[in-house]
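Only one structure is covered here, and it is reproduced in the block below.
Residue numbers count from 1 along this sequence.
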Amino acid sequence: MDYSNLRRQAASMKKSLFDQGYLDEQFCQVEDLQDEASPNFVEEVVTLFFKDSGRLMSNIEQALEKYPRDFSRWDAYMQQLKGSCSSIGASRMKNECMSFRDSCGQGNVEGCMRSFQKVKREHAVLRQKLESYFQLLRQAGPAGAATRPVM
């Protein structure tokens with residue numbers, strides 16, 4: 001198996017995630033924390049992010065249904081999700097969270113609903129892309145980990 005080709009593919013995929021705005025520099029900072037003692041650190045952090053963000057999105061969905069027009073409650077839940085997005089560098093998701101919060105500040109129910117749908121779409125797309133990325137990294141072996149994209 002050509003591991004160097006797999007590493008190039010992984011680097012290209014990662015660069016694409018940055019170029020398309022899915023990830024930002026914070027993701028590289030998380031990668032910098034990975035070492036030989038914890039070679040799967042980034043993947044574990046991202047897995048925890050998706051577990052936690054799924055729970056937070058479920059909370060938001062329930063709040064939208066149970067507490068109509070409770071913008072402060074909606075905003076508080078979205079602030080938690082935005083923080084999670086920021087911590088792993090999920091840039092596009094974070095931006096949609098900010099749009100939702102802007103709509104809350106304006107008392108715009110429709111804007112909140114639209115933004116939340118976009119947050120869910122960005123979440124699903126990012127999950128699929130990162131799952132593919134980590135699968136490729138696993139195939140490439142340990143030398144394929146934590147390479148900073150050229151920006």
Side-chain angles (χ1 to χ4, degrees), residues 6-34 38-140 144-151:
L6 289 173
R7 283 191 277 285
R8 276 193 300 277
Q9 287 177 21
S12 175
M13 183 182 286
K14 180 176 165 183
K15 183 178 183 323
S16 175
L17 289 169
F18 278 84
D19 291 347
Q20 295 172 24
Y22 286 103
L23 298 175
D24 63 24
E25 181 61 27
Q26 181 61 33
F27 186 80
C28 293
Q29 291 178 17
V30 173
E31 284 185 320
D32 289 344
L33 298 173
Q34 184 165 294
S38 54
N40 300 318
F41 178 77
V42 177
E43 188 171 3
E44 290 167 6
V45 167
V46 168
T47 298
L48 287 172
F49 163 76
F50 282 114
K51 181 179 179 183
D52 187 50
S53 59
R55 179 187 55 78
L56 289 170
M57 288 192 317
S58 177
N59 290 347
I60 293 166
E61 200 144 38
Q62 289 173 14
L64 291 172
E65 291 171 14
K66 287 183 182 176
Y67 306 102
R69 305 191 65 79
D70 189 345
F71 295 106
S72 62
R73 183 183 304 258
W74 298 357
D75 184 63
Y77 282 131
M78 190 57 77
Q79 174 63 22
Q80 290 177 0
L81 182 58
K82 181 181 154 273
S84 291
C85 294
S86 295
S87 71
I88 69 150
S91 183
R92 284 172 65 157
M93 260 191 84
K94 179 186 74 177
N95 291 341
E96 287 304 332
C97 290
M98 290 190 307
S99 293
F100 180 97
R101 296 190 71 218
D102 288 344
S103 292
C104 281
Q106 298 164 6
N108 181 347
V109 173
E110 288 75 27
C112 288
M113 298 300 181
R114 270 193 312 275
S115 291
F116 186 56
Q117 292 308 312
K118 289 179 183 177
V119 167
K120 291 194 307 188
R121 275 195 303 275
E122 291 297 338
H123 183 266
V125 170
L126 182 63
R127 176 179 226 137
Q128 181 269 319
K129 288 181 178 292
L130 284 176
E131 284 173 355
S132 297
Y133 172 68
F134 287 121
Q135 181 179 4
L136 198 53
L137 279 183
R138 284 191 300 274
Q139 291 172 353
T147 55
R148 205 173 278 282
V150 179
M151 295 196 203

Any side-chain heavy atom of [X] sitting closer than 4.5 Å to one from [Y]?
X	Y	answer
Leu126	Leu23	yes
Phe71	Val109	yes
Phe134	Thr47	no
Lys14	Glu31	yes
Leu81	Met78	yes
Val119	Met57	yes
Asp24	Lys94	yes
Arg92	Gln20	yes

When rounded to the nearest 0.5 angstrom, what is the spacing between [atom1] in [X] and [atom2] in [Y]?
X	Y	atom1	atom2	result
Asn59	Lys66	CG	NZ	9.5 Å
Arg69	Cys112	CZ	SG	9.5 Å
Arg73	Asp75	CZ	CG	12.5 Å
Met93	Ser84	CE	OG	8.5 Å
Met98	Gln79	CE	CD	10.5 Å
Gln135	Leu6	CD	CG	10.5 Å

Is a donor on one side and an acceptor on the other found under 3.5 Å between the side chain of Gln26 and the backbone of Ile88?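 No; judged by distance alone, with no hydrogens or angles, the pair does not exist.
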Within the distance-only criterion (no hydrogens, no angle test), does the side chain of Ser12 pair as donor or acceptor with the backbone N or O of Arg8 below 3.5 angstrom?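 No, the answer is negative, given that no donor and acceptor are paired below the 3.5 Å cut-off.
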Would Phe27 and Tyr22 count as a side chain to side chain contact (heavy atoms under 4.5 Å, CB included) here? Give the steps. CA-CA 10 Å; Phe27 186 80; Tyr22 286 103; over 6 Å; no
Looking only at side-chain N and O atoms, does Asn40 offer a donor or acceptor that is under 3.5 Å from a partner on Ser38?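 Side-chain D/A pair, Ser38 to Asn40: absent.
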Decide salt bridge (charged side-chain N to carboxylate O under 4.0 Å, His left out) for Glu131 and Arg127; before the verdict, give the C-alpha distance in whole Å, the side-chain angles of both, and the deciding distance to 0.1 Å. CA-CA 6 Å; Glu131 284 173 355; Arg127 176 179 226 137; 3.5 Å; yes
Could you pull out the closest heavy-atom pair between [X] and [Y], with the gap in Å?
X	Y	value
Leu33	Phe41	CB-CE2, 3.6 Å
Phe100	Ile60	CZ-CG2, 4.4 Å
His123	Ser53	NE2-OG, 2.8 Å
Cys104	Trp74	SG-CB, 3.9 Å
Tyr133	Met13	CA-SD, 3.2 Å
Ser87	Val30	O-CG2, 3.5 Å

Side chain to side chain contact (heavy atoms under 4.5 Å, CB included) between Lys120 and Glu61, intermediate numbers included: CA-CA 10 Å; Lys120 291 194 307 188; Glu61 200 144 38; 2.8 Å; yes
Ion pair Lys118/Glu122, N-O distance below 4.0 Å: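 Looking at Lys118 and Glu122, the cut-off is not met.
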Could you walk me through whether Glu96 and Arg121 pass salt bridge (charged side-chain N to carboxylate O under 4.0 Å, His left out), step by step? CA-CA 10 Å; Glu96 287 304 332; Arg121 275 195 303 275; over 6 Å; no
